[in-house]
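Working notes for the structure below.
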Amino acid sequence: MLNFPLPYSEELLYSTIARAGVRYGLVSPKQLLDEVFESRGVSATLDLPNHLATISRCLLDDFSTERLIYEHTLFPIYAPFVPEERRQRCMKWMFGESQGSVHLALGVAASRIKIPRVLRYCPGCLATQRLRQGEYFWVREWQVAGIETCPEHGDLIDTRLARPAVERHRFIAATPEYCPLVRQRTGDPMSTWVGCQVRQLLERPSQLSPSFAQWTRYYQNLARQNGLCRGDNQIDHQALRERTMLTSPFAWLARYHLTSRALDDNESDWLRAIFRKHRKSFSYLQHIVVHQALLGKFWQICEVLEEVCRCPAEDRQPQKRAGVTVNRGLVPDQEDWLRLLSSHPPKQVRKISPALYARLYRNHRDWLLEVNRSHAGDRSGHSRHRVDWNKRDREYLHALRQWAIFMDTSSLGPRRSRSYYLKINGSPSTIEKNLHRMPLSTAFMSAHVESVAQYQIRRLQNAHDELRNRFDSPPRWRLLRKAKLSEERLTELAKTYLEQRVYKQHEI
């Protein structure tokens, strides 16, 4: 394709292809696909496009396929957080045809960090583009989840262009029709700061990615340096959670789904998983949130990545516990038992290798009992700290109030029951058993708990408000269906509300 436009600095490749269609006066999306790709099966992918080898041939020699990936797609914000083999595989897919494999391999499809619903833009930047280049184009960072603000002009503005587009083969250019130059509000400080870290990732050149073992080692060291370890290796996840929730605004975390499971003390907590052995990649936004909580404002994500790369590429062999060493005077079974004890307690080792335990018990019983006794550790509870329930009551009350303020902004959501409030700050069973020690939190929940009748009325109100856009007086059966209720399940108060407040006339 002759005279294909050159990508501007920080322009999405999607935008460059869309500008090519405008320059050539191609109205039909299929015509543009025929001209550029010689195929009508190519999807207009905004963030992680493929068929880049074809685009590279349309440009100057300076625009290699790797340069297009790292300077004109969103691949750089995902690449450092996946293993090197996967990074190379994804780049190979982007050279040719991936059929969605890139989004799956990078964890974008299953991530809790969802891509923005629509294309976004900065009116101030567009005005500058018009003066300098004479046309508009889509900038990469505008479409990154977590960035809501331009550092120079203010909040980004949503367009009416949905992601993914209804017409999945259509490349849409940034034009005054879709991007009116409206007034912008002052930017959010949290978004501005996150944007600073994301821009470092976008500007980072192609480099080897750390392995999962290196990320595991790095986060273990990070927790130890910040005093979040109890003993040698046990992470104080409750303290970690509290620091994270106090550092980042709750509403911002909720908007990016970083609080729903992080508030529950369970095994699927992402904040707990990121400090354990890494078996999967985590989003750039999750890494940024954790480092902001632990390192404050004066850290750079590129420096973090360099430190991760300096960690050992493979897991180190665990240190032998004091009191027993492997030596040539031991039989192979004894050496195997000691190796297992170096990373597991005796009771767990017995479950892992019952046959080994049986052989040692028969042939080396005294040695086995002595070794197990030396590795059993101190089981007494004298070192446990007493809980300051007054302090915990005040902290939990503060969390309840913050959550109530957040929930009051919307009439949607599940029933605000006592169990619902108990789950918002972790360890719900512990808190429930000790509510008699937490009078402030108990009084707050008693005043704010929503009964079944109140929950039904709220659902009816929401359904009625939504149906009023189509019906002057919505039929009763349609209202109940919209609210997902039935005549049999309605409480007396909800029936009274339905008859006296909503319907002032006889049954429709």
Side-chain angles (χ1 to χ4, degrees), residues 7 10-17 36-37 39 41-59 63-116 138 140-141 143-147 163-164 168 171 197-216 218 270 273-274 278-288 301-302 304-306 308-309 313:
E10 292 303 308
E11 180 185 15
L12 281 170
L13 195 57
Y14 170 97
S15 174
T16 307
I17 298 172
V36 177
F37 301 102
S39 171
V42 179
S43 296
T45 306
L46 188 76
D47 50 355
L48 300 168
N50 50 22
H51 295 279
L52 299 192
T54 303
I55 301 297
S56 180
R57 289 195 292 268
C58 298
L59 298 169
F63 287 92
S64 64
T65 309
E66 185 171 290
R67 179 182 175 185
L68 290 177
I69 289 176
Y70 270 85
E71 295 185 10
H72 300 285
T73 75
L74 297 187
F75 184 76
I77 66 175
Y78 304 108
F81 310 111
V82 297
E84 176 62 19
E85 182 273 333
R86 193 181 306 177
R87 184 185 76 95
Q88 293 289 348
R89 190 173 357 127
C90 289
M91 291 179 64
K92 184 177 180 180
W93 281 332
M94 293 178 74
F95 293 166
E97 184 175 356
S98 71
Q99 297 180 347
S101 300
V102 177
H103 289 81
L104 291 172
L106 294 178
V108 181
S111 175
R112 64 172 61 236
I113 312 298
K114 304 303 180 184
I115 62 174
W138 301 113
R140 285 197 293 176
E141 69 177 69
Q143 317 308 329
V144 176
I147 297 184
R163 292 182 60 187
R168 65 189 185 93
F171 291 86
Q197 304 297 334
V198 170
R199 277 186 287 278
Q200 291 185 48
L201 290 175
L202 291 175
E203 295 169 2
R204 193 168 183 263
S206 176
Q207 296 181 21
L208 294 176
S209 295
S211 65
F212 284 161
Q214 289 175 300
W215 278 112
T216 301
Y218 169 77
W270 73 266
I274 202 170
H278 282 221
R279 294 181 175 87
K280 64 177 182 179
S281 58
F282 293 87
S283 167
Y284 61 93
L285 205 54
Q286 291 169 306
H287 289 283
I288 290 174
I301 196 164
C302 285
V304 168
L305 291 172
E306 291 175 2
V308 176
C309 290

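Small disclaimer: the values here were computed from a predicted structure and weren't measured.
Within the 3.5 Å criterion, the main-chain N or O of R140 finds no donor-acceptor partner in the side chain of E10. Judged by distance alone, with hydrogens and angles left aside, the side-chain atoms of S211 form no donor-acceptor pair with the main-chain N or O of P83 at under 3.5 Å. Side-chain atoms of S15 come within 3.5 Å of backbone atoms of W138 as a donor-acceptor pair (strictly under, hydrogens ignored).
Remark: A145 engages I113, P116, Y256, Y284 in a side chain to side chain contact (heavy atoms under 4.5 Å, CB included) (not counting sequence neighbours). For Y218, the ring-ring contact (aromatic ring centres under 6.0 Å, His included) partners two or more places apart in sequence, or in a different chain, are H291. Judged as a side-chain hydrogen bond (donor to acceptor under 3.5 Å, both in side chains), and not counting sequence neighbours, H51 has no contacts. For R89, the salt bridge (charged side-chain N to carboxylate O under 4.0 Å, His left out) partners are E85, not counting sequence neighbours. Residues satisfying the side-chain hydrogen bond (donor to acceptor under 3.5 Å, both in side chains) criterion with E66, sequence neighbours excluded, are absent altogether. Remark: H103 pairs with D47 by the side-chain hydrogen bond (donor to acceptor under 3.5 Å, both in side chains) rule, at least two apart or across chains. Partners of S111 by side-chain hydrogen bond (donor to acceptor under 3.5 Å, both in side chains), not counting sequence neighbours: none found.
The two residues A105 and W93 have their closest heavy-atom pair at CB-CZ3, 3.7 Å.
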In sequence, state the C-alpha distance, the side-chain angles, and the governing distance for Q197 and H287, and then conclude on side-chain contact (heavy atoms from CB on, under 4.5 Å). CA-CA 10 Å; Q197 304 297 334; H287 289 283; over 6 Å; no

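Taking CD from Q214 and CG from L305, the interatomic distance works out to 11.0 Å, rounded to the nearest 0.5 Å. Note that CG of L52 is 12.5 Å distant from CD of E97, once rounded to the nearest 0.5 Å. From M94, atom CE reaches atom CG of L13 across 8.5 Å, with rounding to the nearest 0.5 Å. Taking SG from C309 and CD from Q207, the interatomic distance works out to 7.0 Å, rounded to the nearest 0.5 Å. With values rounded to the nearest 0.5 angstrom, L59 atom CG is found 10.5 Å from S64 atom OG.
Within 6.0 Å of NZ in K114 there are more than 12 heavy atoms belonging to other residues, nucleotides or ligands.
Identified under the salt bridge (charged side-chain N to carboxylate O under 4.0 Å, His left out) test for residues 197-213, with sequence neighbours left out: E141-R199.
No side-chain heavy atom of R279 sits less than 4.5 Å from a side-chain heavy atom of F212. Counting only heavy atoms from C-beta outward, the side chains of P49 and I55 never approach each other to under 4.5 Å. Between V198 and I288 there is a side-chain heavy-atom pair separated by less than 4.5 Å. With contacts defined as side-chain heavy-atom distances shorter than 4.5 Å, the pair V304/V308 qualifies.
Using bins of under 30°, 30° to 60° and over 60° for the plane-to-plane angle, the ring pair F171/F37 lands in the parallel bin.
For the side-chain contact (heavy atoms from CB on, under 4.5 Å) with V82, the qualifying choice from P210, S281, C90 is S281, the only one to do so.
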Could you pull out every donor-acceptor pair under 3.5 Å between side chains of residues 70-81 and any protein atom, sequence neighbours left out?
| unit_1 | atom_1 | unit_2 | atom_2 | d |
| --- | --- | --- | --- | --- |
| Y70 | OH | R87 | NH1 | 2.8 |
| E71 | OE1 | R67 | NE | 3.0 |
| H72 | ND1 | E11 | O | 2.8 |
| T73 | OG1 | I69 | O | 2.5 |
| T73 | OG1 | F75 | N | 3.2 |

